[in-house]
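I have placed the structure first, in the form of structure tokens, so that the comments after it can refer back to it.
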Number of protein chains: 2
Amino acid sequence: MSVLQYDIFVKSAELGSLTLAAEALGCTQSNASHAISALEKELGLILMQRKRSGVRLTPEGERLLGHMKQICQGEAMLQEEARQLRMGESGKLRVGSFTSVAVHWLPEIIKRFQALYPRIEFELLNGDYHDVDEWLRSGKVDAAFTRLPSSLPCRLIPLYEDRLMAILPLHHAKAKLSAFPISEMRDEPFISLLESSDHDSARLLRDAGVQPDIRFSTKDDYALIAMVANGLGVSIVPELLLMGRADSIAAVPLDPPMWRSIALAIPQSSENRPAVKRFGAFMEEWSKELNIPTQPFSK
Amino acid sequence: MSVLQYDIFVKSAELGSLTLAAEALGCTQSNASHAISALEKELGLILMQRKRSGVRLTPEGERLLGHMKQICQGEAMLQEEARQLRMGESGKLRVGSFTSVAVHWLPEIIKRFQALYPRIEFELLNGDYHDVDEWLRSGKVDAAFTRLPSSLPCRLIPLYEDRLMAILPLHHAKAKLSAFPISEMRDEPFISLLESSDHDSARLLRDAGVQPDIRFSTKDDYALIAMVANGLGVSIVPELLLMGRADSIAAVPLDPPMWRSIALAIPQSSENRPAVKRFGAFMEEWSKELNIPTQPFSK
DNA sequence: CTATTACATGAATATTTTTCATGCATAATA
DNA sequence: TATTATGCATGAAAAATATTCATGTAATAG
């Protein structure tokens, strides 16, 4: 039984007239008559008494009217919500990110995006590169920050070139260098992230053929920084992670200089979700505004 | 959009599988797939992500799920209520009656009927014969007590032959008669009901060619009795009206004896309303039980 | 690498909804 | 009282929708 038939019934009851109801709903009087007859047949009850002067609910019709109204209202709400979702003016965004982005970018991004689209809500998932890629692949997120190059079946929006920095205790002998030769990394106790195979520093050192002297490993970026700050060794991290830490550690660009490329990835399957589209467009704009002056460690 | 499609969607979301949902709802997997595609097309949104492992709601789907559930629940409640109404186990009965029935019969009738069908509710309308017939004709009541003969387009269930009695002040000279000759009515001050043309006593006297000496008229049966009780005159009323009044007035059968025939009338238009059917059947039984011994004034 | 599982798809069919063109009854009107 | 609107009913035709059948495709498990 189609919801329109309930609409016809409700309207007819309201107006006391099939003709007027049909008019109001933009269909023929015949349609209204048929529809209500069909309804009555389906329910096995007589719902209205027809008279020359119009129609009036029977007690049965009156009893059932409420339920039909509820259905019609549900339908209306469904349509309204669908409309908003279509417009991309409401919805839910599941966004994946890794630590540095989650800490230094996301708060501002969300604040600004929400100001534009107050009815879109966020669900944030934080993990390491590997987690994020997995979420993108499985559709657990609608958009995620990742590194380039990427082989994911996603639309990739490049956002930022993030310089990799050697970090040292504040008063380390090499803290004043203008560049830290990678090869010298093997001369220092090295602090590493766990599951490091996928991490920037590990990749970088491997590519450079430098075997670091790993003394400690940790899972957390900030624990790593804390270890360096306390003089336990040195490490290599992206500059973005260091925002606001200038007072506790020293950071020096590498020699040769290296970067990681941060991009926003939007899985093919989410690409035409309206809220996601809005977010993609927003981030594209946002990346243009990313201005180097705000960088914490300029040399 | 048919409610069944919402059912399919909700079930699929619940089970995470089109195949299982189709099975549960007794349709084909293909149907489920088509149905959800149609829904998505109609709403202009992608509601589920399909994978070999099954289906999972997109955030949009999740948003809309609630509304669809509401619609499905409304539909279920509608069907359930309709079922009860079909069975005649719930519903509403609008019953018309005149004073004597309303006062002396209805309370017991309702009590007993409600014991049988607790979910059927009553709406009572009281008036004079004329009102009642009007209500029957216009469909304002589903059943009503009326007199025979009746020319209404109704099913008529004869219930009771109600003797008409002369009523007199307790100590009236003729109070001890075993029968009151109608012709003698003209010798006494007569108390009449207003709009009396349609009333039993008026009809009766007219038929007998007796012109009563009308001293007072009132609209209310019990006001009339009170007038008689206070010695203002005599009158003629149906015995049913006198139940429990033996101590305040005297009542004597007429000579020749006369009756009014009480019946239940069920308009054609209400006849196959389930609750009404139940009431009709009940009243038919009830009338059989109407035993004369309980009569207040036996001679 | 193959088999299996689960959803998709296109064409055919069945069903339902909607319209058109009238009919029928009743209430108002002349 | 006959007449004329008005409002609902109805049957057949047309349009739209829902459902099935048969088959396709892609990912996953063995």
Side-chain angles (χ1 to χ4, degrees), chain A residues 1-43 46-58 61 68 71-72 75 134 136-140 152-153 267-269, chain B residues 1-43 46-58 61 68 72 75 134 137-139 153 267-269:
Chain A
M1 194 55 37
S2 106
V3 176
L4 220 197
Q5 299 205 281
Y6 295 139
D7 272 318
I8 291 176
F9 179 81
V10 170
K11 206 72 180 177
S12 299
E14 209 167 276
L15 301 177
S17 155
L18 299 195
T19 307
L20 293 181
E23 219 162 276
L25 297 174
C27 66
T28 63
Q29 173 270 319
S30 174
N31 187 7
S33 175
H34 280 302
I36 287 172
S37 296
L39 207 54
E40 291 184 322
K41 194 177 160 197
E42 157 143 345
L43 295 175
I46 290 163
L47 303 179
M48 322 193 110
Q49 242 192 316
R50 284 83 154 172
K51 285 194 169 178
R52 166 64 195 74
S53 51
V55 293
R56 272 210 14 225
L57 291 179
T58 61
M68 301 205 205
I71 292 171
C72 293
E75 172 78 13
E134 163 54 24
L136 281 167
R137 212 182 300 274
S138 71
K140 241 185 152 60
L152 292 166
Q268 235 115 60
S269 56
Chain B
M1 194 55 36
S2 107
V3 176
L4 184 54
Q5 299 207 279
Y6 295 139
D7 271 319
I8 291 175
F9 179 81
V10 170
K11 205 73 181 176
S12 299
E14 207 167 278
L15 299 178
S17 156
L18 299 195
T19 308
L20 293 181
E23 220 162 275
L25 296 174
C27 67
T28 62
Q29 172 270 319
S30 175
N31 187 8
S33 175
H34 280 303
I36 288 172
S37 295
L39 207 53
E40 290 183 324
K41 194 177 160 198
E42 157 142 346
L43 296 175
I46 290 162
L47 304 178
M48 322 192 110
Q49 243 192 317
R50 283 81 153 172
K51 287 192 169 179
R52 332 316 121 197
S53 50
V55 292
R56 272 209 16 223
L57 291 179
T58 60
M68 300 206 207
C72 292
E75 172 77 13
E134 163 54 24
R137 214 183 299 275
S138 70
Q268 235 116 61
S269 55

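First the proteins, then the strands, lettered A, B, ... as listed; each starts at 1.
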Minimum heavy-atom separation for [X] to [Y], with atom names?
{"X": "B/A38", "Y": "B/Q5", "result": "CB-NE2, 4.1 Å"}
{"X": "B/V55", "Y": "B/S17", "result": "CG2-N, 3.7 Å"}
{"X": "A/L18", "Y": "A/A32", "result": "O-CB, 4.1 Å"}

- Do A/M68 and A/L39 touch side chain to side chain, with heavy atoms closer than 4.5 Å? yes

- Min side-chain heavy-atom separation B/S37-B/R50 under 4.5 Å: yes

Atom pair [atom1]/[atom2] of [X] and [Y] - distance to nearest 0.5 Å:
{"X": "A/L4", "Y": "B/S2", "atom1": "CG", "atom2": "OG", "value": "12.0 Å"}
{"X": "A/E23", "Y": "A/L20", "atom1": "CD", "atom2": "CG", "value": "6.0 Å"}
{"X": "B/S269", "Y": "B/R137", "atom1": "OG", "atom2": "CZ", "value": "12.0 Å"}

Has the side chain of [X] got a donor or acceptor atom that lies under 3.5 Å from a matching backbone atom of [Y]?
{"X": "A/R56", "Y": "A/G54", "result": "no"}
{"X": "A/E40", "Y": "A/M48", "result": "yes"}
{"X": "B/Q49", "Y": "B/T58", "result": "no"}

- Using a 4.0 Å heavy-atom cut-off across all strands, classify A/S53 as base, sugar-phosphate, or nothing. nothing

- Task: Using the heavy-atom set of chain B and a strict 4.0 Å cut-off, write down the first and last nucleotide of DNA chain C that makes it in, 5' to 3'.
- Result: C/dA6 to C/dA11

- Numerically ordered, the residues 10-29 of chain A set in heavy-atom contact under 4.0 Å with DNA chain D is A/S17, A/L18, A/T19, A/Q29

- Message: Contact list please: residues 31-39 of chain A against DNA chain D, heavy atoms, distance less than 4.0 Å, in numerical order.
- Response: A/S33, A/H34

- Note on the structure: Residues passing the side chain to side chain contact (heavy atoms under 4.5 Å, CB included) test with B/E75, sequence neighbours excluded, are A/Y6, A/I71, B/V3, B/L78, B/Q79

- DNA chain C: 5'-proximal contact among A/K51 and A/S2 (nearest heavy atom): A/S2

- Opening and closing nucleotides of DNA chain D in contact with chain A, under 4.0 Å to non-hydrogen atoms: D/dT6 to D/dA12

Can you give me every donor-acceptor pair (side chain of residues 24-31 of chain B, partner residue at least two apart or in another chain, under 3.5 Å) with its distance?
| from | atom 1 | to | atom 2 | distance (Å) |
| --- | --- | --- | --- | --- |
| B/T28 | OG1 | B/N31 | N | 3.0 |

